[in-house]
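Computed from a predicted structure; not experimentally measured.
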Amino acid sequence: MVRILSFPLYASVIFMPTHRSYADFLLVSFVAFHYGLPLPTIASGIDFLGMRGVSDILRRAGAFFIRRSFADDPLYRTVFAEYVQSILQQPQPLEFFVEGTRSRSGKSIYPKIGLLQAATEVYLRGSVSDVMIIPISITYERTLEENLYARELLGVPKPKESTSALIKAAGVLRDNYGSMWFHFGTPISIRDFMEGKVDRSMYNLIPRNHVAVKTEEAALVKTLAFSVVQEQQRNIRIHAWTILATALLHRLRKGHTKTSTEDILADCLTLEALINRTFSVDKSILLDIGMDAVRHCASVHKDVMRLNEEAACFVEIRPEALKNAKVVHMLLGHYRNQLLHRVSPQAMRVISSRVPSLSDHDPAAFLSRLFAWEFVSHDSSAAADFDLSSGDDDSSTDRSLLIELIEPFLVGYAIVIRLLVRDRFATSASLKTARVLAKDLQRTIGVVLEAGAYSAFEILSLDLISNCILALKSMGALQTESDQSLLLRRDVLADVGAQLDAFLQPALLVAISGAIDSL
């Protein structure tokens, strides 16, 4: 905050928060007001424009409404670029979410660069002398929309935003949502980022109503977007419920709904030690976990778990919650996912070390490409310091736990690829858009899981399935036709599937294949 207050007067400012809840933009404005900063002008989705009364309040609070996509509308894009320029030339900061939409899964979303590119154009044209980007990390102990997200990921349609729905939902605010943490990251100067990489003088010759950014500059904007996401991730709080939810989820997948507090605390301490050993964690963003923290989690997340402190002290998933076990898996997975950006590089390195390298296939590079949308902007350099060679108990436990954290994603992708190779999907894939295909795959994966092939219901997540489709498109296994339908390339898909199988245990592959063959 001190750094922001000391910015030179000529610098334009952009707030870029993480996006995990509708409450995000309200919190940014509240914090700015509290510290005497100018209130930001907020880019908001056009969905809110149809909310009678609410849209007027949002507009007066600094919001302006934009389409979700307008790349194919040159006039709209030109007017929008001019509007962004007018905002950046004012003393008020601009605020938008580089992820584009709320993350239902709790992980960072692959960044959208449209708004950031428009802001970069303003600098490149010389309309402002610099633009300072402030990455903001907002962490919720309990996400306001957690139940809604769980159901959306399971395929339940998102409720339409409306004033009446907002009024009906007001009652949820009476519940206990615990703490939230708000962290301003290290400012990123667009001028410093572009220094020596772009010749700004060439933009003086380009008409203002033309799209100025070239392919090379667009690639730089993409790199800048990932730098913002990585700075956001660096400051995400690892709190007690993140660790406890991860431990509960691992035990739930093994069929354990009730665990002694002694055992669950041991699991949590093991996970906490793993995070400390595998990543240089700032202690200010890591909350120590003990019995008091478990009690606190039980009070905040009382709909999911309960703590019994009688003679046999134990923690259990509430029986009433288990009536919809898939929702419980999604809820716990939402919080587990909040620490994956810290351990995914090491996890992929560990599991890659079990696969022999071939002349034309590097296991680590393959996983990095496959999970490019799943684990966004993971810092591969962090994995280099993790010692795999040690044979002590801690090292062995670390490797097992890292593999356990990443295995559901490997299995989910393997099932998706196996289903796509099957004739029923292969012959009709060209008739489906990515969204329709994802929902079709989700229904079939549900049948596979019900057959007992695997116990991690979080792989039913539409987020995971959609990320897998994006990865397969980038690897050439799926192609998008002019009508947005998908064309399947079975030879490429089979090759990707064969490489992925090398990371999974043979017995697990047999179980998955058996369940799919019996469909």
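The line from CD1 of Ile136 to CZ of Phe184 is 4.5 Å long, rounded to the nearest 0.5 Å. Note that OG of Ser105 is 7.5 Å distant from CG of Asn467, once rounded to the nearest 0.5 Å. One finds the OG atom of Ser21 at 10.5 Å from the CG atom of Leu148 (value rounded to the nearest 0.5 Å). Expressed to the nearest 0.5 Å, how far CE of Met132 lies from OG of Ser12 amounts to 10.5 Å. Atom CG of residue Leu265 and atom CD of residue Glu272 lie 10.5 Å apart, to the nearest 0.5 angstrom. Atom CD1 in Ile14 sits 5.0 Å away from atom CD1 in Ile190 (nearest 0.5 Å).
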key: Steps toward side chain to side chain donor-acceptor pair (under 3.5 Å) verdict (Ser103, His19)   = CA-CA 6 Å; Ser103 171; His19 203 10; over 6 Å; no
ask   = How far apart are the C-alpha atoms of Lys473 and Thr480, what are their side-chain angles, what is the distance that settles it, and do they pass the side chain to side chain donor-acceptor pair (under 3.5 Å) test?
value = CA-CA 8 Å; Lys473 286 169 64 177; Thr480 304; 3.2 Å; yes
task = Give the C-alpha distance, both sets of side-chain angles, the deciding distance and a yes or no for side chain to side chain donor-acceptor pair (under 3.5 Å) between Thr18 and Gln232.
result = CA-CA 7 Å; Thr18 52; Gln232 291 174 340; 5.8 Å; no
task = I would like to know whether Leu252 and His329 meet side-chain contact (heavy atoms from CB on, under 4.5 Å); could you show each step before the answer?
result = CA-CA 8 Å; Leu252 184 59; His329 277 257; 3.6 Å; yes
request  = Please test Phe226 against Tyr110 for ring-ring contact (aromatic ring centres under 6.0 Å, His included), starting from the C-alpha separation and ending with a verdict.
outcome  = CA-CA 8 Å; Phe226 276 99; Tyr110 203 88; 5.1 Å; yes
request  = Using the salt bridge (Lys or Arg N to Asp or Glu O under 4.0 Å) rule, take Glu99 and Lys107 through it: C-alpha gap first, then chi angles, then the decisive distance, then the call.
outcome  = CA-CA 10 Å; Glu99 295 170 289; Lys107 297 193 275 47; over 6 Å; no
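Residue Lys222 places its NZ atom among 12 or fewer non-hydrogen atoms of other residues, nucleotides or ligands, all under 6.0 Å distant. Atom CZ of Arg295 has more than 12 neighbouring heavy atoms from other residues, nucleotides or ligands inside a 6.0 Å radius. Applying the 6.0 Å contact sphere to OH of Tyr22 captures more than 12 heavy atoms from other residues, nucleotides or ligands. More than 12 heavy atoms of other residues, nucleotides or ligands sit less than 6.0 Å from atom OH of Tyr76.
Between Ile264 and Ala247, the shortest heavy-atom contact is CD1-CB, 3.9 Å. Pairing each heavy atom of Gln117 with each of Ala218, the nearest pair is OE1-CB, 3.9 Å. Residue Leu420 comes nearest to Leu488 through the heavy atom pair O-CD1, 3.4 Å, listed as atom of the first residue, atom of the second, then distance. Closest of all the heavy-atom pairs between Ala61 and Ile42 is O-CD1, 4.5 Å. Summarising the geometry of Thr101 relative to Ile109, their closest heavy-atom pair is O-CD1, 3.6 Å, with the distance given to 0.1 Å. Considering every non-hydrogen atom in both Pro40 and Val28, the closest pair reads CG-CG1, 4.3 Å.
Among Phe503, Tyr413, Phe366, the one residue that satisfies the ring-ring contact (aromatic ring centres under 6.0 Å, His included) test with Phe371 is Tyr413.
In this structure, Glu458 does not pair ionically with Lys326, as no charged nitrogen and carboxylate oxygen lie closer than 4.0 Å. Using a 4.0 Å cut-off between charged nitrogen and carboxylate oxygen, Glu407 and Arg253 do not count as a salt-bridge pair. The existence of a salt bridge linking Arg435 and Asp440 is excluded, since no basic side-chain nitrogen approaches an acidic carboxylate oxygen closer than 4.0 Å. Between Arg151 and Glu146 there is no salt bridge, since none of the side-chain N atoms of the basic residue sits less than 4.0 Å from a carboxylate O of the acidic one. For Asp24 and Arg102, the salt-bridge test fails: no basic side-chain N is under 4.0 Å from an acidic carboxylate O. Using a cut-off of 4.0 Å between Lys/Arg side-chain N and Asp/Glu carboxylate O, Glu152 and Arg104 are scored as salt-bridged. Classification of Arg251 and Asp267 as a salt-bridged pair holds, one side-chain N sitting under 4.0 Å from a carboxylate O. A salt bridge between Arg306 and Glu316 is present, with a side-chain N of the basic residue lying under 4.0 Å from a carboxylate O of the acidic one.
Between the side chain of Ser485 and the main chain of Glu481, no donor-acceptor pair closer than 3.5 Å is present. With Arg142 contributing its side chain and Asn176 its backbone, the two residues share a donor-acceptor pair below 3.5 Å.
Taking 4.5 Å as the limit, some side-chain heavy atom of Trp373 sits within range of a side-chain heavy atom of Ser474. In this structure, the side chains of Thr223 and Phe193 come closer than 4.5 Å at one or more pairs of heavy atoms. Contact annotation: the side chain of Phe96 never approaches that of Thr41 to less than 4.5 Å [non-hydrogen atoms, C-beta and beyond]. A 4.5 Å side-chain heavy-atom check between Ile406 and Met348 finds at least one atom pair inside the cut-off. Taking 4.5 Å as the limit, some side-chain heavy atom of Leu401 sits within range of a side-chain heavy atom of His250.
Tyr35 has its ring centre no less than 6.0 Å from the ring centre of Phe33. Aromatic rings from Phe409 and Phe375 are positioned such that their centres are separated by under 6.0 Å.
Aromatic ring pairs are classed by plane angle as parallel below 30°, tilted from 30° to 60° and perpendicular above 60°; the pair Tyr335 and His239 is perpendicular. Using cut-offs of 30° and 60° on the angle between ring planes, the pair Phe64 and Phe80 is tilted.
Looking at Gln484 and Thr433, their side chains never bring a donor and an acceptor atom within 3.5 Å of each other. Side-chain contact check for His301 and Glu141: no donor-acceptor pair (N or O, by modelled atom type) lies under 3.5 Å. Defined by atom type and a distance below 3.5 Å, a donor-acceptor pair is missing between the side-chain atoms of Ser108 and His341.
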